[in-house]
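Keep in mind that the numbers below use all heavy atoms, side chains included, and drop hydrogens, waters and symmetry copies.
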Amino acid sequence: MQIRFLGAAREVTGSCFLVETGRARFLVDCGMHQGGRESAAKNRAFPAFDPGALDFALVTHAHLDHCGLLPVLAARAPALPVFATGATADLLPLMLLDSAHIQAREKERALRHRIPAPAPLYTAADVERATRQVRGMAYHAEFRPHPDAAVRFLDAGHILGSAIAEVRLREGGRERRLVFSGDLGQPARPVVRDPETVEFADFLVIESTYGDRLHKSMDETVAELVAAVRETLDARRGNLVVPAFALGRAQELLVLLFELCERGVLQGLNVFVDSPLALQATQVTLSHLESLDPAVARFAAALRRRRLPYGLHFTHSPEESMAINKIRSGAVIIAASGMCEAGRIRHHLRHNLGREECAILFTGFQAGGTLGRRLVDGVRSVRLFGETVPVRASIHTLGGLSAHADQRALLAWLGGFRRPPARSFVVHGEEAASLAFAAAVASRPGWSVDVPRPGEPVTL
């Protein structure tokens, strides 16, 4: 048996792992590389294997760094069955269509400015064909995508539908259990439930996005959020711009602001969600209340009765989006993308970054090479739409609201195993984070840990 680490090896994005036995061949995740100068080339080079030889594929959740190249894969393997949780199957068309539309707009913009640009990786038609190959499965329900493989999904507590993939593989008369953590969530966060524990694995592949650091407590994080809102809207009379992933973080923020306003901690908020994708993702989220925290049901009921304790406005058209830029103060503007690499957030940054009364609030991980990372790192100016925009707005980071488990939570999750796996592989983290987390795991008795290199094949 062999695993090839085709992505998210000593880097955060591009999750993709190829597993091969004598008779079975399957893929876990099919993620897009995001941020950095090499991302486009890496995405163009996909796949570095024969898709036609695959028996099936698993997708752990609907963030693009785990599913964004699925249409490319499906175009070369049109009969390939792809398995995900039911909620992820509902979300994939939204996420992938949005990705296709962004690529098309970028190509059109390049043509208008006579800038050389490659064709989009895929189109809306490619997405439609690909998502027809996806089969939604219930949590805990075992299914057999191959005579030698039995799979079940457990709740990873990261975003709606996120899954830990547990695969039992038979080879040469032996059965061995592989566990892929996907992205694990931080316990006690809004919207999603805590990650489920796993007791047994022969081989484990685990993420390490925040493997070298700890998040602030939820109480500290909420206090920072409240302070950022009050300082920006009340004291400085500016706008608070929040780059947020349309799936996951946008819904978390809406529920958290709902709870704060419900308790009277914040008052008189005027919240704009400038992302058609976030609206669609919110609608899908509210259709899966059975797998979410009770606070989401209260939010859904208040939204349905139009009795929210704050003003909430979802924008649809480009004209509605542009109208927000005329608001000079008092607005909380939530827009995608979360790392500021594309989408409407870039327009709001253009209109607010240069204003010292405004603030930018980051609530999630910013991968190296992204605009969001440069702003967090303190860059003094940025280029947006061909203009140099000075950074005069204050920059806030709420690491404690991350959907990724920190080192303490990751180690606690590993504590659920009754005995250490024979081998564990640390992935989905920048190199320093992965190495630091691997060292922390290896210090525990009985744990054998590797940090694979990109493309590295490992024989189990």
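Scored by the salt bridge (Lys or Arg N to Asp or Glu O under 4.0 Å) test, Arg380 finds no partners at all (sequence neighbours excluded).
Expressed to the nearest 0.5 Å, how far CD1 of Ile206 lies from CZ of Phe437 amounts to 4.0 Å. Taking CG from Leu92 and OG1 from Thr131, the interatomic distance works out to 8.0 Å, rounded to the nearest 0.5 Å. Taken to the nearest 0.5 Å, the OG atom of Ser402 stands 9.5 Å off from the CG atom of Asp183. Taken to the nearest 0.5 Å, the NZ atom of Lys107 stands 16.0 Å off from the CZ atom of Arg105. Atoms CG and CG, from Asp29 and Leu27 in turn, are 8.0 Å apart once rounded to the nearest 0.5 Å. Here the CD-OH distance, from Glu262 to Tyr310, works out to 10.5 Å after rounding to the nearest 0.5 Å.
The closest donor-acceptor contact from the side chain of Arg355 to the backbone of Cys358 lies at 3.5 Å or more, if one exists at all. Thr232 contributes no side-chain N or O that, together with a main-chain N or O of Val229, makes up a donor-acceptor pair within less than 3.5 Å. Proximity of a side-chain donor or acceptor of Arg263 to a complementary backbone N or O of Phe258 within less than 3.5 Å is not detected. Without hydrogens or angle criteria, Ser329 side chain to Asn239 main chain gives no donor-acceptor distance under 3.5 Å. Judged by distance alone, with hydrogens and angles left aside, the side-chain atoms of Glu106 form no donor-acceptor pair with the main-chain N or O of Gln103 at under 3.5 Å. Between the side chain of Ser394 and the main chain of Ala359, no donor-acceptor pair closer than 3.5 Å is present. Gln186 places a side-chain N or O within donor-acceptor distance of the main-chain N or O of Asp406, the cut-off being under 3.5 Å. Formation of a donor-acceptor pair under 3.5 Å by the Glu320 side chain with backbone atoms of Ser317 is found in this model. For Ser434 (side chain) and Glu431 (main-chain N/O), no donor-acceptor pair under 3.5 Å exists by modelled atom type.
Salt bridge absent: Glu356 and Arg392 never bring a charged side-chain N and a carboxylate O closer than 4.0 Å. A salt bridge is defined here as a Lys NZ or Arg NE, NH1 or NH2 lying under 4.0 Å from an Asp or Glu carboxylate O, and Arg10 with Glu456 fails to meet this definition. With salt bridges taken as basic N to acidic carboxylate O contacts below 4.0 Å, none links Arg237 and Glu357. A salt bridge links Arg249 and Glu252; the closest N-O separation between the charged side-chain nitrogens and carboxylate oxygens is under 4.0 Å.
Ring pair Tyr210/Phe365: centre-to-centre distance below 6.0 Å. A centroid separation of 6.0 Å or more is found between the aromatic rings of His215 and His404. Between Phe153 and Tyr139, the distance separating the two ring centers is not shorter than 6.0 angstrom.
Checked by atom type, the side-chain pair Asn43/His33 shows no donor-acceptor distance below 3.5 Å. The closest side-chain donor-acceptor pair between Thr221 and Glu224, if any, does not fall under 3.5 angstrom. A donor-acceptor pair shorter than 3.5 Å can be found between the side chains of Gln251 and Thr282. Donor-acceptor pairing under 3.5 Å is recorded for the side chains of Thr209 and His428. The closest side-chain donor-acceptor pair between Thr88 and Thr85 falls under 3.5 angstrom.
Pairing each heavy atom of Ala9 with each of Pro452, the nearest pair is CB-O, 3.6 Å. Taking both residues in full, the closest heavy atoms of Val72 and Tyr122 are given as CG2-CD2, 3.8 Å, listed atom of the first, atom of the second, then distance. Here the closest non-hydrogen pair linking Pro243 and Gly338 is CB-O, 3.8 Å.
Summarising the local packing, CZ of Arg350 is surrounded by more than 12 heavy atoms from other residues, nucleotides or ligands at distances under 6.0 Å.
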Show your reasoning for whether salt bridge (Lys or Arg N to Asp or Glu O under 4.0 Å) applies to Arg453 and Glu11.
CA-CA 9 Å; Arg453 296 186 178 277; Glu11 62 181 341; over 6 Å; no
Stepwise, does the side-chain contact (heavy atoms from CB on, under 4.5 Å) test hold for Phe245 with Thr363?
CA-CA 9 Å; Phe245 297 105; Thr363 61; over 6 Å; no
Would you sort out whether Asp155 and Ile164 count as a side-chain contact (heavy atoms from CB on, under 4.5 Å), showing the intermediate values?
CA-CA 6 Å; Asp155 195 339; Ile164 300 159; over 6 Å; no
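Ring geometry for His61 versus His66: interplanar angle of 30 to 60°, hence tilted.
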Under 3.5 Å, which donor-acceptor pairs link side chains of residues 340-348 to any protein atom two or more places apart or in another chain?
{"unit_1": "Glu341", "atom_1": "OE2", "unit_2": "Leu371", "atom_2": "N", "d": "2.8"}
{"unit_1": "Arg344", "atom_1": "NH1", "unit_2": "Asp274", "atom_2": "OD1", "d": "2.7"}
{"unit_1": "Arg344", "atom_1": "NH1", "unit_2": "Thr315", "atom_2": "OG1", "d": "3.3"}
{"unit_1": "Arg344", "atom_1": "NH2", "unit_2": "His316", "atom_2": "O", "d": "3.0"}
{"unit_1": "Arg346", "atom_1": "NH1", "unit_2": "Cys340", "atom_2": "O", "d": "2.7"}
{"unit_1": "His348", "atom_1": "ND1", "unit_2": "Asn325", "atom_2": "OD1", "d": "2.9"}
{"unit_1": "His348", "atom_1": "NE2", "unit_2": "Asp274", "atom_2": "OD2", "d": "2.5"}

